[in-house]
**Q** 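Below are the C-alpha cells for one structure; questions will follow.
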Amino acid sequence: MPETKVKKTEDFNEWYNEIVELADLCDKRYPIKGMNVWRPYGWKLMTHVDQLIREEMIRTDHQEVNFPLLIPESSFKKEEEHIEGFGSEVYWISHAGLNKLEERWLLRPTSETAMYPIFSIWIRSHADLPLKTFQIVNTFRYETKQTRAFIRVREIHFFEAHTCHVDFNDAEKQIQEDKDIAYRLFEKLSLPYILSKRPEWDKFAGAFYTISIDVLMPSFRTLQLGSIHQYKDNFSKPYEISFEGEDGKHNYCHQTTYGMSERILGALVGIHGDNKGLVMPPEVAPVQVVLIPIIFRGEEKVVLEACDDLNIKLSKEGIKSHIDKRDITPGNKFYDWELKGVPLRVEIGPKDIKNNQVVLVRRDTAEKQSISNDSAVNIIKEELNKLSKNLYETANRLLNENINRVNTIDEAKNLKGIVELPWCGIKDCALEIENILDGNTLGEPIEDNACNNSCPVCGKPGTTWMRYAKSY
RNA sequence: GGGCCCGUAGGGUAGCUUGGUAUCCUUGUAGCUUCGGGAGCUAUAGACUUGAGUUCAAAUCUCAGCGGGCCCA
C-alpha cells in the first residue's frame with residue numbers, strides 16, 4: 001500500500017503539508033505569502049462546509065448579506081479596543097489610480113466596522129430587532145508568523161454572523177443559539193470540540209466576553225475553529241446603533257458575533273486524514289460513494305450498465321454518487337479516491353454481475369465486503385452512518401485522552417494536549433503557567449468549572465479551572 | 001521580535017564542497033495493447049527563484065529581494 005512519505009504519527013506538520021498538496025486542496029505557489037489558491041477540490045470541500053453553515057443560519061432565521069471589502073479609516077477607528085487589537089495586522093490602501101486618497105481605506109480583517117455604520121441606519125425601532133445577519137467572505141490579516149495552509153493564512157475564507165438585540169438578555173439567548181449551532185454543525189463534521197471562555201486579556205478586541213471553539217489536532221496542539229462574542233453595547237455606542245423602544249425611549253443595541261473560518265477544513269484534513277490521504281465525513285464529501293467499473297474487453301457494456309443502475313438508485317435516495325469512467329486502471333482510481341477521502345467505494349466487475357452483487361469498501365477502516373445488489377442501497381446508507389460515527393469516536397478519543405484536570409504544574413508538565421489547572425483569577429498567575437508549560441491559556445471551561453483547589457502559583461484558593469495548551 | 005535551513009521541468013530529485021556539456025523518477029502529449037490495488041512498449045514535450053557583484057565562464061562563490069520550511073521568544 002503506498003502511503004504518504006511522511007507518516008501522520010511521526011511528523012504531523014510535514015504530513016499535513018504533504019496531504020494538502022497531494023489531495024489538490026490548495027496551491028501554495030501563489031507569490032504572496034499566506035495567500036493560497038483554492039484548487040477545485042479544496043474549494044468544493046470548503047463550499048460544502050459553507051453550505052452546512054448556511055443551513056444552520058437559515059434554520060435560525062439569519063439573513064445572508066454581503067458587505068464591501070473596503071472600510072474607510074474613520075469607520076475603523078471608532079471603537080478604541082478594536083483598533084488596538086487589529087491595528088498591527090491590517091492592509092491599507094493609500095492610493096487609487098494616480099491619486100493619493102484623502103482618507104485611507106483598509107481591507108476588512110473582520111467586518112464589524114464595515115457593517116455597524118450601516119446597522120445604525122437600518123435599525124430605528126424595536127420592531128427592527130433582533131437583526132440577525134451573516135456573510136461568508138474573504139478577510140485579510142497581515143500575519144507575521146509562519147503561515148500554514150488553512151490554519152494560518154493572510155487571506156481568510158471567513159464566516160461571520162452579526163446580530164443586534166434589544167438588551168443584554170436577548171443577546172445572551174443568541175449566544176445560547178450559537179452554541180446549539182456549533183453542536184449541530186460539528187457533529188455533522190465528526191469534529192468533537194471544547195468551549196472555553198477566554199480570559200479578559202485574550203478576548204476579542206472590543207468584546208464583553210469571548211467563547212472560543214477549539215479542537216485538538218493530532219499534533220496535540222489545539223486549533224481554534226470559531227468564536228462567539230458577546231459585545232454588550234461596546235460597539236453600539238461608538239457606532240450609534242440605537243432604537244426607539246415601545247416606551248418611546250432610545251436605547252443602544254446589544255450585539256453578538258459568531259466567527260468561523262477555513263480552519264474547519266484544516267481540522268477535517270488534520271483530524272480525520274491518514275497516511276493514504278483525506279477521509280471526509282459523508283456530510284462534507286462532494287462524492288459520497290464512488291463507483292469503479294472493472295472493465296474487461298468485450299464486457300464494457302454490461303459493467304457500465306450495472307454502474308448506471310446503482311448510480312440512479314443511489315441518486316434517488318439522495319446519496320451523492322459518481323461513476324469513474326476515466327480510462328485509467330482501477331488500481332489507479334482506488335488510490336485517487338482514497339486520497340480525496342471519498343467515504344465509500346463500490347467496485348463492479350463481471351464477476352459481481354454474475355453473482356448479482358457488488359464489492360463495497362470503507363475508506364476509514366479499509367474493510368471490504370461483497371453485498372447483494374438488492375440490499376446495496378440500504379447497506380450503503382448504513383455504512384455511511386457508521387463511518388461518520390467512527391470518525392467522531394476516533395477523534396473524541398484523541399480529545400478525551402488528552403484533556404486532563406490536575407492540581408500541580410509538575411503533573412501538567414508531563415501531559416500532552418490540554419491541561420486544566422486551578423486558577424485564582426489573577427492574570428500574572430496564568431501567564432506564569434503559560435510560561436512554564438510553554439503553552440497558551442484557552443480559557444475557562446464553559447460548564448463544570450467550579451474549583452476549590454489552590455492556585456499552583458500563588459497558593460490562593462482557585463475560583464475556576466483554567467485550560468492551557470499549545471495551540472496553532 | 002531573534003536565529004537556522006532551503007529554492008533546479010507540473011511534482012520529487014542528482015549536480016554545488018573543488019565554477020565549464022544539468023541526472024534520474026514521476027507527470028503531460030500522440031499511438032497501440034491493457035484493466036479485481038499505482039499496466040507495458042514506442043515517440044515527444046518540459047527546469048537552474050529574481051536582481052546585482054566576482055569571473056574568460058555562475059545552478060555552483062558573495063550580497064540583496066521575493067517565496068518556502070524549522071527552532072526559540
Side-chain angles (χ1 to χ4, degrees), chain A residues 1-6 10-37 39-42 87-89 142-155 219 221 274-277 290-304 306-307 310 323-340 342 344-363 365-371 373 431-441 470-472:
Chain A
M1 284 274 168
E3 300 193 332
T4 47
K5 281 183 208 148
V6 182
E10 285 165 14
D11 187 343
F12 177 80
N13 289 340
E14 273 301 311
W15 169 86
Y16 182 86
N17 282 333
E18 195 182 337
I19 279 298
V20 162
E21 290 282 334
L22 284 175
D24 254 356
L25 299 182
C26 73
D27 201 322
K28 292 193 282 191
R29 290 171 299 183
Y30 194 79
I32 299 177
K33 179 186 168 83
M35 299 200 180
N36 299 332
V37 176
R39 292 185 184 226
Y41 192 65
S88 64
E89 51 185 69
Y142 176 67
E143 289 284 354
T144 52
K145 291 184 178 184
Q146 185 195 330
T147 54
R148 193 187 302 276
F150 310 126
I151 290 177
R152 176 169 283 119
V153 289
R154 303 214 277 202
E155 179 173 356
S219 54
R221 285 173 182 262
D274 62 23
N275 293 336
K276 288 191 282 180
V290 65
L291 309 180
I292 312 282
I294 309 295
I295 292 169
F296 284 89
R297 201 147 64 121
E299 299 185 86
E300 296 93 339
K301 210 179 155 196
V302 258
V303 171
L304 287 172
C307 287
L310 183 57
I323 307 173
D324 188 348
K325 293 181 178 174
R326 286 177 298 170
D327 187 21
I328 51 177
T329 55
N332 219 322
K333 294 176 186 175
F334 298 164
Y335 288 109
D336 201 30
W337 293 106
E338 278 167 1
L339 186 58
K340 295 264 159 65
V342 171
L344 296 178
R345 177 176 86 227
V346 169
E347 302 168 22
I348 302 181
K351 265 191 267 172
D352 302 306
I353 292 169
K354 266 176 217 147
N355 299 329
N356 193 35
Q357 64 175 31
V358 300
V359 174
L360 181 66
V361 185
R362 278 262 296 262
R363 173 62 183 86
T365 59
E367 279 173 63
K368 209 170 200 178
Q369 54 176 322
S370 294
I371 57 174
N373 219 345
L431 294 183
E432 173 78 18
I433 294 173
E434 277 191 344
N435 235 329
I436 295 170
L437 295 181
D438 188 25
N440 306 94
T441 50
K470 288 187 172 113
S471 51
Y472 279 105

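The sequence lines fix the lettering, A, B, ..., with proteins before strands; numbering per chain opens at 1. As the structure is a computational prediction, the values presented were derived from the model and not from experiment.
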**Q** Return the pairing partner of rU49(B) with a 3.5 Å limit on both distances, Watson-Crick or G-U wobble; otherwise return none.
**A** rG65(B)

**Q** Provide the closest heavy-atom pair for L310(A) versus V358(A) in the form atom of the first, atom of the second, distance.
**A** CD2-CG1, 4.5 Å

**Q** What is the distance, to the nearest angstrom, from the OH atom on Y30(A) to the P atom on rG68(B)?
**A** 13 Å

**Q** Which is it for Q357(A) and D352(A) under the side chain to side chain donor-acceptor pair (under 3.5 Å) test, yes or no, and what are the steps along the way?
**A** CA-CA 5 Å; Q357(A) 64 175 31; D352(A) 302 306; 3.1 Å; yes

**Q** Round to a whole Å and report the spacing from CZ of R152(A) to P of rG68(B).
**A** 14 Å

**Q** Take atom CG of N440(A) and atom C1' of rA73(B), then tell me their distance rounded to the nearest Å.
**A** 12 Å

**Q** Calculate the interatomic distance between K145(A) atom NZ and rG69(B) atom C1'; express it in whole Å.
**A** 17 Å

**Q** Identify whether any heavy atom of G34(A) sits under 4.0 Å from a base atom; if not, whether one sits that close to sugar-phosphate; answer base, sugar-phosphate or nothing.
**A** sugar-phosphate

**Q** Rounded to the Å, how far apart are D336(A) CG and rA39(B) P?
**A** 12 Å

**Q** So which nucleotide does rA9(B) pair with, by the Watson-Crick or G-U wobble rule with both distances under 3.5 Å?
**A** none

**Q** With nearest nucleotide decided by heavy atoms, which residue, D352(A) or K33(A), maps closer to the 5′ end of RNA chain B?
**A** D352(A)

**Q** Which residue, M35(A) or D438(A), contacts RNA chain B at a nucleotide closer to its 5' end, judged by nearest heavy atom?
**A** M35(A)

**Q** For rG20(B) versus rG65(B), give the span between their C1' atoms, rounded off to a whole number of Å.
**A** 28 Å

**Q** May I ask you to say what R345(A) touches in the nucleic acid, namely base, sugar-phosphate or nothing, with a heavy-atom cut-off under 4.0 Å?
**A** base

**Q** Without decimals, in angstroms, what is the distance between K28(A) NZ and rG12(B) P?
**A** 10 Å

**Q** Using purine N1 to pyrimidine N3 plus N6-O4 or O6-N4 for Watson-Crick, or N1-O2 and O6-N3 for G-U wobble, each under 3.5 Å, what pairs with rA43(B)?
**A** rU29(B)

**Q** Name the nucleic acid region contacted by K333(A), choosing base, sugar-phosphate or nothing; use a 4.0 angstrom heavy-atom cut-off, strictly under.
**A** nothing

**Q** Please classify the nucleic acid contact of T147(A) as base, sugar-phosphate, or nothing, using heavy-atom distances under 4.0 Å.
**A** sugar-phosphate

**Q** Which one is paired to rG36(B), where only Watson-Crick or G-U wobble pairs with both distances under 3.5 angstrom count?
**A** none

**Q** If stacking means aromatic ring centre less than 5.5 angstrom from the base's six-membered ring centre, planes under 30°, is Y335(A) stacked on rG38(B)?
**A** yes

**Q** Applying the Watson-Crick and G-U wobble criteria at under 3.5 Å, what pairs with rC56(B)? Answer none if nothing qualifies.
**A** rG20(B)

**Q** Would E299(A) and R297(A) count as a salt bridge (charged side-chain N to carboxylate O under 4.0 Å, His left out) if you check the C-alpha gap in whole Å, the side-chain angles of each, and the deciding distance to 0.1 Å?
**A** CA-CA 6 Å; E299(A) 299 185 86; R297(A) 201 147 64 121; over 6 Å; no

**Q** Can a donor-acceptor pair be found, under 3.5 Å and without considering hydrogens, that links the side chain of K333(A) to the backbone of L291(A)?
**A** no

**Q** Whole Å only: how far is the CG atom of N13(A) from the P atom of rG68(B)?
**A** 16 Å

**Q** Looking at E143(A) and K33(A), does any basic side-chain N land under 4.0 Å from a carboxylate oxygen?
**A** no

**Q** What string of B, S and - do you get for nucleotides 29-35 of chain B, 5' to 3', when a contact is any protein heavy atom under 4.0 Å?
**A** -----BB

**Q** All N/O contacts under 3.5 Å from nucleotides 6-10 of chain B to the protein, with atom names and distances to one decimal?
**A**
unit_1, atom_1, unit_2, atom_2, d
rG10(B), O3', R29(A), NH1, 2.5

**Q** For a side chain to side chain donor-acceptor pair (under 3.5 Å) check, start with the C-alpha distance between Y472(A) and S219(A), then their side-chain angles and the critical distance, and finish with the verdict.
**A** CA-CA 10 Å; Y472(A) 279 105; S219(A) 54; 2.8 Å; yes

**Q** Send over the distance from N275(A) CG to rG37(B) C1', rounded to a whole Å.
**A** 17 Å

**Q** If we take the C1' atom in both rU13(B) and rU26(B), what is their distance in whole Å?
**A** 10 Å

